Trainee: 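What follows is a structure written as structure tokens; I'll ask about it next.
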2 protein chains.
Amino acid sequence: MSSRRIRIDLAYDGTDFEGFQLQPRGRTVQGVVEAVLERLAGGRPVRLRAASRTDSGVHARKQVVDGRIETSLDDHALERGLEALLPRDVSAVRVATVPDSFHSMHHAIAKTYRFRMDLSRHGDPLIARYAVHHRGRFDPELVERGLRLLVGRRDFTGFADSRCRVRERVRCLDRAEWAPLEDAGGCFVFRADGFLTYMVRNMVGTLLEIGRGKRAVEAIAEILETRDRRLAAATAPARGLCLWDVEYASDGPVDAPTVRH
Amino acid sequence: MSSRRIRIDLAYDGTDFEGFQLQPRGRTVQGVVEAVLERLAGGRPVRLRAASRTDSGVHARKQVVDGRIETSLDDHALERGLEALLPRDVSAVRVATVPDSFHSMHHAIAKTYRFRMDLSRHGDPLIARYAVHHRGRFDPELVERGLRLLVGRRDFTGFADSRCRVRERVRCLDRAEWAPLEDAGGCFVFRADGFLTYMVRNMVGTLLEIGRGKRAVEAIAEILETRDRRLAAATAPARGLCLWDVEYASDGPVDAPTVRH
């Protein structure tokens, strides 16, 4: 029986998970998927690594993971096995054998996150798991002026959580947009070569205060320049956030991800 | 303090409710909303009646309820009170004082239900609460031929549940459509002057078998003619169903409800 490296593209509803990464206690995406793969591999444990360690409550439309597996099942059979055994809130969209050198995190050239807002007056219960209900003023023009100040190759320390352990805090954010959706809402879309811990949620928290008129658009520039986290607003709730896309050079040219409702 | 009749337009995620109607045990939409109204009315109980007694697990984008309330709060204050006190899975979209003669069920001239399908290969976890994942064949052309046989003024006994107690089983179904949505899915849309118990879910169950090629399109005509429930397919799961709209003559002319993702 041969051992090989597989890549799995996952989608999940993060509500009932304590985040992606395995933990001593608590239901995690990694724990659930690894347990199913171990079953499919006849009891041989499989250890996964992911493009992004999404936090507790964060969703994924496309998360990419990889790991070595020893099994006689081919990719298609693994795909069907995952389909049959995974719970309803996580789904394997694609399974593919990849070169052993493939690394889902290190080889990602860009990630896209989107953060969904419910701007309806009363809050729509049918999107409450996936969007944050915003009461009061939301001025898209102010928000867009703030977003423009974020785009570029910058040190994002001021928007990172104090938990964030990486030393290199410079990221290239090439897309920062507000996209209105039907149904009195919309989403923030961010694309970068990488993101720091809580970076999207902290940017959104500050942008919401700007859109409310409570804070000047220039606050963005100040937070970036001073790298002072205390200047940024409160972190926006996890449930609005969704890992939307992960791109690899090996996937070939792709269209810009489109905003889906 | 004056007593008056109010109409409330509700939206809810039915997943964690045992249906609309009050029950001795179990969390119901009626129970939750009545409890909040009683609190807002200083402890005076409020009894609601609804346009449709949606079943356990069925959602509503627009459900209409009415009841008498004795309170000094005006409609706007009640609306804000409901917004503050209702849980996240039910929302009062609108509160309005109506003539005491208003009856949310008897005065409804049309209701629209939609039933959402996930036709993606692996099942999208981000819509799993609101759609039924269909594996295998789904031929929209066969489905649409089946839908056309349903439209009209007909006796729908063959699609009603045996629990259904109403005597008069003739309903005028003026809209029965398949509407594809983005993301490899779509929804059935049904509009009628009224629906029998399980009628939509039983029609959908049969249409899915027709779309799979397992059953002839003509089965629809046969079920309608014979009124034999045993000829219809299994009832489709509740989570795909959503009460989409309730129309009243007093609301004035309205546009045909549009399909929302």
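Owing to the predicted nature of the structure, the values given are computational and were not obtained by experimental measurement. Below, read A as the first sequence line, B as the second, and so on, with proteins coming before strands; counting in each chain starts at 1.
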Trainee: Heavy-atom count check: over 12 atoms from other residues, nucleotides or ligands less than 6.0 Å from A/Arg39 CZ?
Mentor: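 Not more than 12 within 6.0 Å, no.
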Trainee: How long is the span from the CZ atom in A/Arg88 to the NE2 atom in B/His133, to the nearest 0.5 Å?
Mentor: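 Atom-to-atom, A/Arg88:CZ and B/His133:NE2 are 11.0 Å apart.
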Trainee: Without swapping roles, check the side chain of A/Ser91 against the backbone of B/His122 for a donor-acceptor pair under 3.5 Å.
Mentor: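 Such a contact is found between A/Ser91 side chain and B/His122 backbone.
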Trainee: For the residue pair A/Val90 and B/Pro125, what are the closest heavy atoms and their distance?
Mentor: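 It is N-CB, 3.9 Å.
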Trainee: Would you call A/Leu126 and B/Cys242 a side-chain contact if the rule is heavy atoms closer than 4.5 Å?
Mentor: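 Answer yes - side chains close enough.
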Trainee: Going from OH on A/Tyr130 to CD1 on B/Ile127, what distance comes out if it is rounded to the nearest 0.5 angstrom?
Mentor: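 The CD1 atom of B/Ile127 is 9.0 Å from OH of A/Tyr130, to the nearest 0.5 Å.
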Trainee: With chain A as the partner chain, list the residues of residues 28-38 of chain B whose heavy atoms fall under 4.5 Å from it, by residue number, and write 'none' if nothing qualifies.
Mentor: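 Within residues 28-38 of chain B, no residue comes under 4.5 Å from chain A.
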Trainee: Could you walk me through whether B/Glu83 and A/Arg121 pass the side chain to side chain contact (heavy atoms under 4.5 Å, CB included) test, one step at a time?
Mentor: CA-CA 9 Å; B/Glu83 189 183 327; A/Arg121 223 170 117 205; 5.7 Å; no
Trainee: Please state whether the side chain, the backbone, both or neither of A/Arg80 comes within less than 4.5 Å of a heavy atom of chain B.
Mentor: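 When you check distances to chain B, no heavy atom of A/Arg80 falls under 4.5 Å.
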Trainee: Please identify, among B/Arg129, B/Arg94, B/His59, the residue contributing the most non-hydrogen atom pairs under 4.5 Å to chain A.
Mentor: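 Ranked by heavy-atom pairs under 4.5 Å with chain A, first place is B/Arg129.
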Trainee: Please determine whether the number of non-hydrogen atoms from other residues, nucleotides or ligands lying under 6.0 Å from atom CZ of A/Arg53 exceeds 12.
Mentor: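 No, CZ of A/Arg53 has 12 or fewer neighbouring heavy atoms, counting only those of other groups under 6.0 Å.
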